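To keep things clear, I will list the structure first and then write my remarks on it.
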Amino acid sequence: MIRLFDSIAGEVRELETREPGHLSMYVCGPTVYDLPHLGHGRYFLIWDVARRWFSFRGMDVTYVSNITDIDDNIIERALRDNKSEQSVAREFEDEHWKAMDLLGIRRPDVAPRATEYLEGMVSFVASLLESGVAYTTSDGVYFDVSSVPDYGVLAGQPLDSLRAGARVEMNDKKRSPLDFALWKNAKPNEPSWPAPFGDGRPGWHTECVVMSLQLLGDNFDLHTGGFDLKFPHHENERAQALASHHVFARHWSHSGWVMAGNEKMSKSLNNFTSLTDLVQKTDPRAYRLLVLRSHYRSPLEVTPDTIVDAERALNRLDTFARRFSLPALAGKNLLRASDVTWSAQGRDLYERFGALLDEDLDTPSAIALLFESVSTANSLADEGKDAEAAGLANAVNALFGSLGLTLVASGGVDIDDATAALVQARDDARATKDWAEADRIRDELVAAGWVVEDAAGTTHVRRT
RNA sequence: GGCGGCGUGGCCGAGUGGUUAGGCAGGGGCCUGCAAAGCCCCGUACUCCGGUUCGAAUCCGGACGCCGCCUCCA
């Protein structure tokens, strides 16, 4: 039984799915008007990990994540860069996928673009107008939040309380400051789509509710977002769905921030602001490991130091993979527990590991357990209990793989001929116990940036 | 103002009232021709003040500090 914190219930509860063995999830995707940053990276890693874990446990997961390719920010950016909205959207959508691919995040089963679902959005808004929960103004169509009795459940506040706290009224045409735009009438030179209530474009909240319902159907299982999406975005999606007599998401889950120092991740950090930057400068697996070592609902500190920390930890794991010649698993593929051959100790580890993850995706405890098992397997090997050690090591590899972390025995670096020759020369020197020469060659290799590790009769070199 | 969350050893980061989280860094040892890798041991941490308890990082109250949402945001 898999349990997950639910934002409406306010507690961890069983992830009861619409259909046993199947899980439909909608992962709120990016608005593509700029490069992805570390926060996006963490967010998509978290839900990639969740998806992989549910699959590993044997569930059949349908994963939908949208691309918001029309919205105010995109229009602004297009204006600023003197490009079309579409080219801005495509450019940054490409950057998004590039970063996702490097991070080893599996592509969604369906990745709808908002602009490809306009027809459904128009008829959805029309139906809300018909049923009287929406109204038109000179600049568009708005949703009347008072039409939904429990509006505010996701915010954790009743409507009155939200209304009292509402900030500057941006738009005096709205009946309530909390009412939100379903449809924005086209301004000159803005992209627009035809609609009976006036040409224009959909509001963000409408895009997501229409795409999620259309692709996953009523009563789909899991809807995710960052904490900041809880209100108003998700509240408003839900309000529209209920007002149009749909049953919406069964389960809501929100993930935590990336912190930089004592503040939410922001553009002011130069080095590691952009995810695009990070995945080019460092092994992207290090970021996955960093993300896995914290709980998905906690804020996570990401600085150059914590990245380096994770890279070193990853090094330990790759060294482990080298020692046991472990195959590189995961990658783009989903693993399933049923495909793994477990040794006795491996199965025991899997059971403890599974119990931790099934309880609200406790990846930090699960990862700690795997690190302990790395030590155990190394000890067993040191003691010459090779079969036991190998069995455990393979389980560790499979379990890291279940969360999408691939251990790489080769270090992923090709060894050039000159280096290979030096290694050979050093092995020859060691064979004749010419320690001075062996040490000299080692110094040369180290100076060239290699880490030199002796094994029985041979030398391994790798990059740091 | 309303709602929610957080303050853990050098750093990151878990934590169910009593038993080692884990990683990284640092110190000592074993192993090694010497290293590296690996293994073992070590720092005896929980913002502060009260309270409950045989016993609290963990529960309750208060103080201080910090963060988020209430506006576009993963």
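From a predicted model like this one, the values you see are computed outputs, not experimental measurements. To find a chain, count down the sequence lines: A is the first, B the second, and so on, and within it residues start at 1.
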For each nucleotide in nucleotides 32-42 of chain B, reading 5' to 3', give B when a protein heavy atom comes within less than 4.0 Å of its base, S when such contact involves only the sugar-phosphate, and - otherwise.
-BBBBSSS---
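A:V27 comes within 4.0 angstrom of no nucleic acid atom, judged by non-hydrogen atoms across all strands. Using a 4.0 Å heavy-atom cutoff across all strands shown, A:W257 reaches at least one base atom of the nucleic acid. When heavy atoms are screened at a 4.0 angstrom cut-off, A:E311 is found touching no nucleic acid atom at all.
Ion pairing between A:D318 and A:R462 fails under the 4.0 Å rule for side-chain N and carboxylate O. Between A:R163 and A:D160, at least one side-chain N (NZ, or NE/NH1/NH2) sits under 4.0 Å from a carboxylate O, which counts as a salt bridge.
Comparing the C1' positions of B:A56 and B:C46 gives a spacing of 11 Å, expressed to the nearest Å. Here the separation of B:C64 from B:G50, taken at their C1' atoms, is 15 Å to the nearest Å. Straight-line distance between the C1' atoms of B:G7 and B:C49: roughly 16 Å, to the nearest whole Å. Rounded to whole Å, the separation between the C1' atoms of B:U19 and B:C12 comes to 25 Å. To the nearest whole angstrom, the two P atoms, one in B:G23 and one in B:C72, are 44 Å apart.
Near-neighbour residues of RNA chain B inside residues 390-401 of chain A, defined by a heavy atom below 4.0 Å, are absent. Of all the residues in residues 291-298 of chain A, A:R293, A:S294, A:H295, A:S298 reach under 4.0 Å from RNA chain B with at least one non-hydrogen atom.
Within the cation-pi definition used here (under 6.0 Å to the ring centroid, within 45° of the axis), A:R175 qualifies as a partner of A:Y135.
The ring of A:F143 has its center closer than 6.0 angstrom to the ring center of A:F180.
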